[in-house]
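Accompanying notes for the structure given below.
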2 protein chains.
Amino acid sequence: MSDGLAPAPLYARVERIITGRIADRTWPPGHMLPSETELAAELGVSQGTVRRALDALYRRHVVERRQGRGTFVAQHTSERALFHFFHLTDLDGGKMAPTSRVLRLAREPATATEAQRLGLKTGAAVIRIVRVRLLRGESRVAETITLPAARFRGFHLPVGEEMQDELYVHYQRHHGVSVARAEDALAAEAASAEAAHLLGVTAGAPLLRVERVACDLSGDPVEWRVSLVDTAALRYRVLLE
Amino acid sequence: MSDGLAPAPLYARVERIITGRIADRTWPPGHMLPSETELAAELGVSQGTVRRALDALYRRHVVERRQGRGTFVAQHTSERALFHFFHLTDLDGGKMAPTSRVLRLAREPATATEAQRLGLKTGAAVIRIVRVRLLRGESRVAETITLPAARFRGFHLPVGEEMQDELYVHYQRHHGVSVARAEDALAAEAASAEAAHLLGVTAGAPLLRVERVACDLSGDPVEWRVSLVDTAALRYRVLLE
DNA sequence: AAGTGGTCTAGACCACCGT
DNA sequence: CGGTGGTCTAGACCACTTT
């Protein structure tokens with residue numbers, strides 16, 4: 001519980017302790033946490049203080065709580081990934097579940113940009129994935145994804161075939177990597193020849209470019225992706241409040 | 001405190017009561033609320049329950065709380081508007097305060113689209129504003145804003161001159177309209193001749209199109225805007241968590 | 001019936017702000 | 001100093017889930 005500087009409130013320290021145990025997989029995804037009473041006794045604080053910390057983690061989607069059952073480390077499900085990390089809808093705001101087709105998957109040295117975004121040294125090994133995502137059966141998104149190879153040993157995906165699009169579930173299940181936070185940076189750009197070919201649009205057509213850095217619970221970057229979206233029939237939606 | 005259906009938790013009812021008094025301007029922006037103790041006594045609940053409601057309102061930016069001073073109805077400041085409702089940054093994520101120049105301001109009948117977005121009848125009177133927003137002195141955003149005239153009587157802005165860009169502050173100060181929530185829908189599109197002219201790009205250049213509906217505390221739409229952004233040197237940033 | 005989270009209360013004590 | 005919000009505790013009672 002050493003803190004270096006200012007003495008943080010108790011509930012904040014409790015929150016960090018619990019977060020730490022989740023991040024280091026003492027309590028892996030899906031695991032049931034000790035009850036509020038047990039945690040309070042173990043940490044030497046009142047139940048109310050533990051509750052306050054757990055409520056904060058619940059609001060951040062780090063744990064799930066169900067009355068009568070217990071508190072569980074949040075697991076990525078397709079629904080959760082879709083809801084929190086997929087912001088494309090049809091023109092009326094209707095949700096759609098995408099599928100995807102991997103075109104290329106290789107282990108290669110990182111470019112300067114990739115290394116910078118992922119906090120690696122240039123030339124460090126990365127997994128690079130090129131894929132197309134389909135919405136209502138149509139190719140709408142061309143995507144390049146870069147992963148630090150050190151955290152994704154033995155990474156593989158079926159290449160060439162259409163599959164359910166559950167990459168974050170895959171990261172968690174097969175590599176113990178839970179995406180907790182991401183930042184998207186959006187711009188408009190003209191379609192390159194390749195992008196145009198992949199998406200079935202004319203070269204030079206306006207595309208939405210989405211660059212994302214995704215981080216785990218500890219705040220370390222674990223994924224860098226560039227998505228090119230044909231927004232003829234799609235919208236990227238953002239709620240501000 | 002009548003509730004029609006299920007008996008909501010006390011703290012939720014307290015939250016709604018307080019929200020109501022803010023929405024109907026019993027407590028206008030900047031006003032100091034009664035202390036937790038007073039509210040608890042008035043509403044016949046414990047201080048802890050009032051606190052829980054106020055904490056929720058604080059997280060939603062509806063009130064501001066300062067230790068030793070009191071709880072105040074949130075006021076739109078340029079900083080808050082910039083932080084919550086302005087998502088454009090430079091390429092490195094650096095924040096910038098925009099200025100703006102109004103090109104046209106008129107009271108006109110609503111188009112079908114405008115009426116639909118604002119929950120009005122087609123042909124209802126709206127204020128329509130066309131303006132350009134400048135970042136670091138360069139025209140980067142061309143914007144059309146539509147307001148329901150009924151809620152913005154006597155609306156005026158200086159036309160033609162460069163000014164501080166504080167529209168939401170203006171709505172609140174001069175028309176008692178507080179924007180509490182907004183939804184943006186983004187797409188890429190090719191620049192029209194007018195947009196190209198306003199932004200100093202070539203016609204057909206890719207622009208980021210941002211459509212926004214902004215709502216007040218009661219959830220009623222109060223503004224509809226379409227922004228066309230030259231993203232050559234800008235990014236629209238979104239934090240997901 | 002036993003165990004879990006969810007709500008609500010009452011009260012102590014601290015930190016901060018204004019006068 | 002008195003008043004405000006911020007933290008922390010202790011305990012009662014309820015609603016839900018599982019055995």
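Given the structure is predicted, the values throughout are model-derived calculations rather than measurements.
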Checklist entry - What pairs meet the salt bridge (Lys or Arg N to Asp or Glu O under 4.0 Å) rule with one or both residues in residues 68-83 of chain B, with sequence neighbours excluded? => result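 Found none.
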Item to check | For A:E42, all residues meeting salt bridge (Lys or Arg N to Asp or Glu O under 4.0 Å), sequence neighbours excluded | outcome: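 In terms of salt bridge (Lys or Arg N to Asp or Glu O under 4.0 Å), with neighbours along the sequence ignored, A:E42 is linked to A:R21.
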Checklist entry - For B:R117, what residues pass the salt bridge (Lys or Arg N to Asp or Glu O under 4.0 Å) criterion, not counting sequence neighbours? => result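 Counting only residues at least two positions away or on another chain, B:R117 forms a salt bridge (Lys or Arg N to Asp or Glu O under 4.0 Å) with B:E211.
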Checklist outcome for this item: Reading nucleotides 6-19 of chain C from 5' to 3' and marking B where a protein heavy atom lies under 4.0 Å of the base, S where only the sugar-phosphate is that close, and - otherwise, the string is BBSB-----BBSS-
Checklist entry - When all nucleic acid strands are considered with a 4.0 Å heavy-atom cut-off, which category describes A:T71: base, sugar-phosphate, or nothing? => result sugar-phosphate
Item to check | Atom pair distance, as rounded to whole Å: CG in A:L33 and P in C:dG3 | outcome: 19 Å
Side-chain donor-acceptor pairs of residues 233-241 of chain B under 3.5 Å, sequence neighbours excluded:
from	atom 1	to	atom 2	distance (Å)
B:R235	NH1	B:T231	O	3.0
B:Y236	OH	B:D184	OD2	2.5
B:R237	NE	A:E183	OE2	3.1
B:R237	NH1	B:T89	OG1	2.7
B:R237	NH1	B:D90	O	3.3

Item to check | B:H175: ring-ring contact (aromatic ring centres under 6.0 Å, His included) partners, not counting sequence neighbours | outcome: B:F152, B:F155, B:H170
